[in-house]
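Read the numbers this way: they start at 1 and go in the same order the structure lists the ligands and their atoms.
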Amino acid sequence: MEKYDVVVIGAGPGGYVAAIRCAQLGLSTACVESWLNVRGRPALGGTCLNVGCIPSKALLDSSHLYMELRRHGAEHGIQAQDVTVDLGRMMERKNKVVDDLTRGVAGLFRKHGVQWLRGHGRLLPERRVEVTLLGEQAGEQIQVQAEHVIIATGSVPGALPEAPVNNDLQVVDSTGALAFDAVPENLAIIGAGVIGLELGSVWNRLGSKVVLLEALPRLLPMLDDAVSGALSKLFKNQGLEVLLGARVSATRTKKRRVTVNYEQQGESKSLEVDRLIVAVGRRANTAGLGLQECGVNLDAHGYIKVDRHCRSSLPGVYALGDVIGGPMLAHKASKEGTMVAELIAGKRHSPVNYDRVPWVIYTWPEIAWAGLTEEQAEERGHRCRSGRFPFRASGRARAMGSWDGFVKVVGEVETDRLLGVQAVGPNVSELIAEVVLALEFEASTEDLARTIHAHPTLSEALHEAALAVSGRALHA
Ligand code: FAD
Ligand code: AMP
């Protein structure tokens with residue numbers, strides 16, 4: 001039986017990063033991965049690279065380009081006649097982006113000496129892992145022995161019994177919605193969370209009439225009221241209809257049409273669409289892992305229970321990424337991955353600070369935030385003051401022709417410590433990195449206000465919002 005210092009199960013952004021870092025630290029490392037790509041070939045990268053972050057961003061970028069040319073080309077003096085979508089070509093491009101990146105991870109494994117075991121992993125007692133092989137040896141089983149096991153098996157789309165998914169037909173999950181073969185005329189999406197809004201944006205831009213049904217009374221309740229209110233208006237102007245307080249009670253598919261029944265304000269309503277996307281969140285992927293048999297405890301929601309250093313209830317077995325819950329984000333999984341690798345290698349590492357995980361929704365305008373909202377900060381006993389700056393007053397946003405949105409900076413009254421930033425606007429996904437760095441260094445809003453920002457850049461909006469905390473914004 002092959003012996004390793006570390007065996008990682010799952011090669012998403014949590015598992016593959018943990019494996020590479022373990023190898024960098026001199027530990028003999030194997031990573032078990034069972035993903036098969038669209039051509040039926042084993043692939044690394046997990047949900048993120050294959051059916052998550054990357055393909056969704058590829059389609060968001062393609063559809064954004066299309067929308068810019070159609071709606072805004074003429075403003076820039078660019079006359080483009082008959083701009084049309086070749087969906088097949090767009091999907092090929094997306095698949096190529098995915099292929100290149102997943103092959104890139106395989107290259108990194110080779111470079112760092114991580115052994116890729118192609119197959120399905122199952123935990124056995126005494127930190128042994130059984131691997132049911134894929135490919136030429138399909139069905140054969142091998143066992144490997146590890147000093148430490150890292151479980152990074154990720155998550156799968158959450159199911160809604162009222163809307164059973166069949167990805168080849170009309171009702172799909174996020175994976176099916178990244179591979180439509182035609183632009184649906186009418187599309188409904190259950191769930192206006194991060195994934196629902198991004199997929200809704202893609203298909204709305206490409207020409208679908210999109211309705212999102214959201215059970216909660218407010219859009220994106222993790223943002224503060226003013227921000228989610230402003231977003232509702234922006235999405236409406238784009239033709240993205242969001243029905244709030246709308247709980248789906250049943251769906252029926254007949255002759256390639258889907259009827260969706262829902263309850264809203266005590267009334268029973270229904271709508272009919274060509275296709276329906278179920279985007280009601282994700283759940284831990286622990287099927288067939290043999291966890292409970294070995295003594296790895298799960299919580300009431302099915303996530304693996306871990307301590308602040310991602311240690312499970314079974315000594316020598318760690319778990320990280322989506323399978324332990326918390327923010328279901330690739331960079332959160334990767335951060336946990338590096339932490340666990342360093343701990344295994346005997347280094348010290350402070351626990352991940354989940355208050356400093358940046359969040360981004362890649363709609364247009366983009367939405368990004370880090371730290372606390374004013375409401376959350378007040379709930380934790382901070383007295384807050386805030387400053388806000390609109391992109392309409394940003395020279396760079398004007399030059400781009402994209403100035404919807406604003407930046408809001410929240411600081412603490414007594415100490416001026418930066419508590420959080422929420423931003424809606426062009427490319428705020430990039431701007432949020434500065435905020436996270438400032439939070440890491442426990443900067444004050446004054447620190448941000450005194451920092452020189454290049455002109456003309458979108459980051460000046462963050463600078464001005466920091467100045468606005470003390471009523472000193474110069475351009476608003
Ligand atoms: P995963 O990426 O889910 O990887 C787990 C891997 O484990 C998989 O490859 C799986 O095949 C493998 N596996 C599972 N069980 C076994 C087993 N028994 N044996 C062998 N292998 C196994 N996050 C962001 O930060 N930014 C975004 O823009 C973003 N966009 C998203 C868009 C969509 C449509 C979706 C669905 C998700 C998106 N996410 C985004 C979330 C992100 O994809 C996840 O948070 C991230 O992939 C979690 O990483 P992970 O390593 O925990 O698990
Ligand atoms: P996220 O967790 O960000 O992926 O978002 C999933 C969204 O789906 C949440 O905002 C939920 O409120 C919403 N949701 C869950 N179940 C239903 C349902 N039956 N009808 C409408 N929305 C739902």
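For R39, the CZ atom sits in a packed shell: over 12 heavy atoms of surrounding residues, nucleotides or ligands are nearer than 6.0 Å. The 12-atom threshold is not exceeded at NZ of K236, counting heavy atoms of other residues, nucleotides or ligands nearer than 6.0 Å. Under a cut-off of 6.0 angstrom, the local environment of CD in E263 is crowded, with over 12 non-hydrogen atoms contributed by other residues, nucleotides or ligands. More than 12 non-hydrogen atoms from other residues, nucleotides or ligands lie less than 6.0 angstrom from CZ of R257.
Heavy-atom separations between R282 and ligand 1 include at least one value shorter than 4.0 Å. Under a 4.0 angstrom heavy-atom cut-off, G288 registers as lying outside contact with ligand 1. Proximity of A246 to ligand 2 is established by a heavy-atom distance of less than 4.0 Å. Using 4.0 Å as the threshold, V51 has a heavy atom nearer than that to some atom of ligand 1. Every heavy atom of I195 sits 4.0 Å or more from the atoms of ligand 2. Judged by the shortest distance from any of its heavy atoms, K57 lies inside the 4.0 Å radius around the atoms of ligand 1.
Residue S56 approaches ligand 1 through these ligand atoms, each under 4.0 Å from one of its heavy atoms: 32 (C). Taking a cut-off of under 4.0 Å to the non-hydrogen atoms of Y362, the atoms of ligand 1 that pass are 28 (O). Of all atoms in ligand 1, listed by their number and element, those nearer than 4.0 Å to a heavy atom of I9 are 17 (C), 19 (N), 20 (C). Each of the following atoms of ligand 2 lies closer than 4.0 Å to a heavy atom of L160: 19 (N). With ligand atoms numbered from 1 in the order given, ligand 2 contributes 7 (C), 8 (O), 13 (C), 22 (N) to contacts under 4.0 Å with heavy atoms of G191. The atoms of ligand 1 that sit less than 4.0 Å from any heavy atom of H120 are 17 (C), 18 (N), 19 (N). Close contacts between ligand 1 and G14 involve ligand atoms 51 (O) [criterion: under 4.0 Å to a heavy atom]. Under a 4.0 Å criterion applied to the non-hydrogen atoms of N285, ligand 1 contributes the atoms 14 (C), 15 (N). Ligand-side atoms of ligand 2 in range of G281: 2 (O), 4 (O), 6 (C), range being under 4.0 angstrom from any heavy atom. Atoms of ligand 1 lying under 4.0 Å from any heavy atom of G119, numbered from 1 in the order shown and given with element: 19 (N), 20 (C). Near V194, the atoms of ligand 2 lying under 4.0 angstrom from a non-hydrogen atom of the residue are 3 (O). Distances below 4.0 Å separate heavy atoms of C48 from the following atoms of ligand 1: 2 (O), 43 (O), 47 (O).
Checking G52, A333, A152 against atom 37 (C) of ligand 1, the nearest heavy atom belongs to G52. Between G154, P157, S155, it is G154 that holds the heavy atom closest to atom 53 (O) of ligand 1. Comparing heavy-atom distances from atom 22 (N) of ligand 2 across G158, S174, A215, G193 singles out A215 as nearest. For the residues G121, A287, A11, A319, the heavy atom positioned nearest atom 17 (C) of ligand 1 is part of G121. Across the listed options R122, R118, H331, E33, E33 owns the non-hydrogen atom lying nearest to atom 6 (C) of ligand 1. For atom 48 (C) of ligand 1, the nearest non-hydrogen atom from the set D322, L123, V360, V129 comes from D322. Around atom 24 (C) of ligand 1, the closest heavy atom drawn from G337, A43, A330 belongs to A330.
Closest protein heavy atom to atom 9 (C) of ligand 2: E214 OE1, 3.6 Å. Looking from atom 18 (C) of ligand 2 to the surrounding protein, the closest heavy atom is I190 CG2, 3.9 Å. Here the heavy atom of the protein found nearest to atom 7 (O) of ligand 1 is G10 CA, 3.2 Å. With respect to atom 16 (N) of ligand 2, the closest heavy atom belonging to the protein is V280 CG1, 3.7 Å. Scanning all protein heavy atoms for the shortest distance to atom 42 (C) of ligand 1 gives C53 SG, 3.8 Å. The single protein non-hydrogen atom nearest to atom 16 (C) of ligand 1 is T153 CG2, 3.6 Å, given as residue, atom name and distance.
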### Task
Might you work through the side-chain hydrogen bond (donor to acceptor under 3.5 Å, both in side chains) test for T253 and Q170, ending with a clear yes or no?
CA-CA 7 Å; T253 309; Q170 262 62 42; over 6 Å; no

### Criterion side-chain hydrogen bond (donor to acceptor under 3.5 Å, both in side chains) on S62 and R93, from CA distance to verdict
CA-CA 9 Å; S62 296; R93 174 189 172 274; 3.3 Å; yes

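Across all non-hydrogen atoms, the minimal contact from E130 to L124 is CB-CD1, 3.7 Å. Across V129 and G121, no two heavy atoms sit closer than the pair CG1-CA, 4.3 Å. Across L271 and Y262, no two heavy atoms sit closer than the pair CD2-CE2, 3.8 Å. Across L25 and K347, no two heavy atoms sit closer than the pair CD2-CE, 3.4 Å.
Considering backbone and side-chain N/O atoms, M328 comes within less than 3.5 Å of an N/O atom of ligand 1. The N/O atoms of A192, backbone and side chain alike, include none that comes under 3.5 Å of an N/O atom in ligand 2. Any N or O atom pair closer than 3.5 Å counts here, and T47 shares at least one such pair with ligand 1. Close N/O approach between L329 and ligand 1 is found [any backbone or side-chain N/O within under 3.5 Å]. Considering backbone and side-chain N/O atoms, V248 comes within less than 3.5 Å of an N/O atom of ligand 2.
Here the side chains of T373 and V410 are not in contact, with every heavy-atom distance at 4.5 Å or above.
Partner of W369 under the side chain to side chain contact (heavy atoms under 4.5 Å, CB included) criterion, out of V435, V227, V360, I361: I361 alone.
Side chains of R128 and Q145: no donor on one and acceptor on the other come within 3.5 Å. If you check the side chains of K269 and Q264, you find a donor sitting under 3.5 Å from an acceptor.
Between the N285 side chain and the V156 main chain, no donor and acceptor come within less than 3.5 Å of each other. Checking side-chain atoms of W35 against main-chain N and O of N50 turns up no donor-acceptor pair under 3.5 Å. T251 places a side-chain N or O within donor-acceptor distance of the main-chain N or O of E162, the cut-off being under 3.5 Å.
Geometrically, R118 engages W116 in a cation-pi contact, judged by NZ or CZ lying under 6.0 Å from the ring centre and within 45° of the ring axis.
The backbone of L213, and not its side chain, has at least one atom closer than 4.0 Å to an atom of ligand 2 (non-hydrogen atoms only; backbone = N, CA, C, O).
Salt bridge present: D100 and K96 bring a charged side-chain N and a carboxylate O closer than 4.0 Å. At a threshold of 4.0 Å, the pair D322-R283 does not count as salt-bridged, since none of the basic side-chain nitrogens sits closer than that to a carboxylate oxygen.
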